[in-house]
Amino acid sequence: MNHKYMNLKIGYLYGDLMNIYGDTGNSIALKHRAHARNIDVEVKMITIGSSYKVGDVDMFFFGGGQDESQIAVSRDLIKSKKGELIKEEIEKGIPLLAICGGYQLLGEYYQASRKQEVGSSQDIRLEGVSLFPAYTEAGDTRMIGNIAIESEWDKLIGFENHSGKTYLRPEGKALGTVLKGFGNNGEDGKEGCVYKNAIGCYMHGSLLPKNPQLCDWFIEKTLSIKYNKDIKLEKLNDFFEINARADFLAKIGI
Ligand code: GLN
């Protein structure tokens with residue numbers, strides 16, 4: 001299929017404040033794999049002080065960050081109503097990927113501990129957008145290391161580093177089951193959350209370069225919704241990606 005005249009607009013949510021452990025690599029991977037199919041890509045930064053209206057972008061990406069950035073971002077999501085507008089788009093099926101700190105802020109709330117570097121002696125509850133039926137509470141241990149999960153998108157691999165523990169509400173659908181690592185909370189063996197075409201998870205790494213099948217799913221889904229037809233991308237030569245994935249899985253004993 002010729003995708004020459006198609007284009008993809010990615011809304012990078014708070015990319016200047018939330019972009020830890022290579023998260024920007026996700027938008028680079030989307031760009032790279034779309035360009036390889038002749039699809040144009042524009043990345044629009046949506047942050048504090050910038051305007052956003054429904055229909056501005058075709059998909060969203062939201063990375064992770066420290067608690068301090070999360071405080072400012074949580075306030076802006078609520079005050080500027082960006083959170084409400086993003087939710088409206090997700091309800092219509094617009095795809096979104098959120099990692100770690102971004103994932104936490106799209107749940108109901110993140111209860112940050114006073115032990116974190118938040119510049120306060122009080123526990124702070126950061127209001128979320130309630131897009132994912134999940135809530136997060138600060139734990140006292142850091143869940144850090146390589147992570148692998150089994151999911152609808154085959155095995156997904158990444159790197160996690162968080163102390164927040166996320167719990168899904170009974171209606172919450174996990175992204176997958178943990179094979180190695182901690183996942184949402186280190187207790188129930190679940191990782192991430194899927195709501196419509198929105199995916200939240202703890203997998204930095206970056207996630208999409210390490211999992212090209214998921215990257216292509218985002219491109220296909222986004223274009224299919226935008227152009228209102230079923231878009232199928234031609235396969236790329238993923239020799240290096242396939243070998244890197246096999247090597248990673250062997251190293252962590254899977
Ligand atoms: N501050 C959050 C936590 O530790 C998010 C960290 C991150 O995005 N890596 O849980």
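In listed order, ligands and their atoms are each counted from 1. Note that these values count all heavy atoms, side chains included, but never hydrogens, waters or copies made by symmetry.
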List every atom of ligand 1 that sits less than 4.0 Å from any heavy atom of R142, numbering the atoms from 1 in the order shown and giving each element.
4 (O)

If we ignore angles and hydrogens, is there a donor and acceptor under 3.5 Å between the side chains of N7 and K226?
yes

Heavy-atom gap M18 to ligand 1 smaller than 4.0 Å:
no

Check: Y167/E187 side-chain N/O donor and acceptor closer than 3.5 Å:
yes

Would you check if there is a donor-acceptor pair between the side chains of Y21 and S206 at a distance under 3.5 Å?
no

Run the numbers for me: atoms of ligand 1, each under 4.0 Å from some heavy atom of G64, listed by number.
8 (O)

Which ligand 1 atoms, with their elements, are less than 4.0 angstrom from a heavy-atom of N161?
6 (C), 7 (C), 9 (N)

Side chain, backbone, both or neither: I99 near ligand 1, heavy atoms under 4.0 Å
neither

Is it true that the side chains of D188 and N185 contain a donor and an acceptor less than 3.5 Å apart?
yes

Using a 4.0 Å heavy-atom threshold (strictly under), name the region of Q104 that reaches ligand 1: side chain, backbone, both or neither.
side chain

For the side-chain hydrogen bond (donor to acceptor under 3.5 Å, both in side chains) test, which of T47, N19, D76 pairs with Y14?
D76

By the definition side-chain hydrogen bond (donor to acceptor under 3.5 Å, both in side chains), identify the one residue from E127, E137, Q104 that meets it with Y109.
E137

Which of the atoms of ligand 1 are close to Q70, meaning less than 4.0 Å from one of its heavy atoms?
1 (N), 2 (C), 5 (C)

Could you check whether Y195 and F132 have their ring centres less than 6.0 Å apart?
no

Please determine if Q66 has a nitrogen or oxygen closer than 3.5 Å to a nitrogen or oxygen of ligand 1.
no

Quick check: Y21 and ligand 1, any N/O pair under 3.5 Å apart?
no

Option of least heavy-atom distance to atom 8 (O) of ligand 1 (set: S163, G164, A112, G101):
G101

Going by the order shown, which atoms of ligand 1 are within less than 4.0 Å of some heavy atom of D67?
1 (N), 2 (C)

Between D58 and Y227, does any side-chain donor sit less than 3.5 Å from a side-chain acceptor?
no

Nearest-option assignment for atom 6 (C) of ligand 1, heavy atoms, candidates G65, G63, G139, A138:
G65

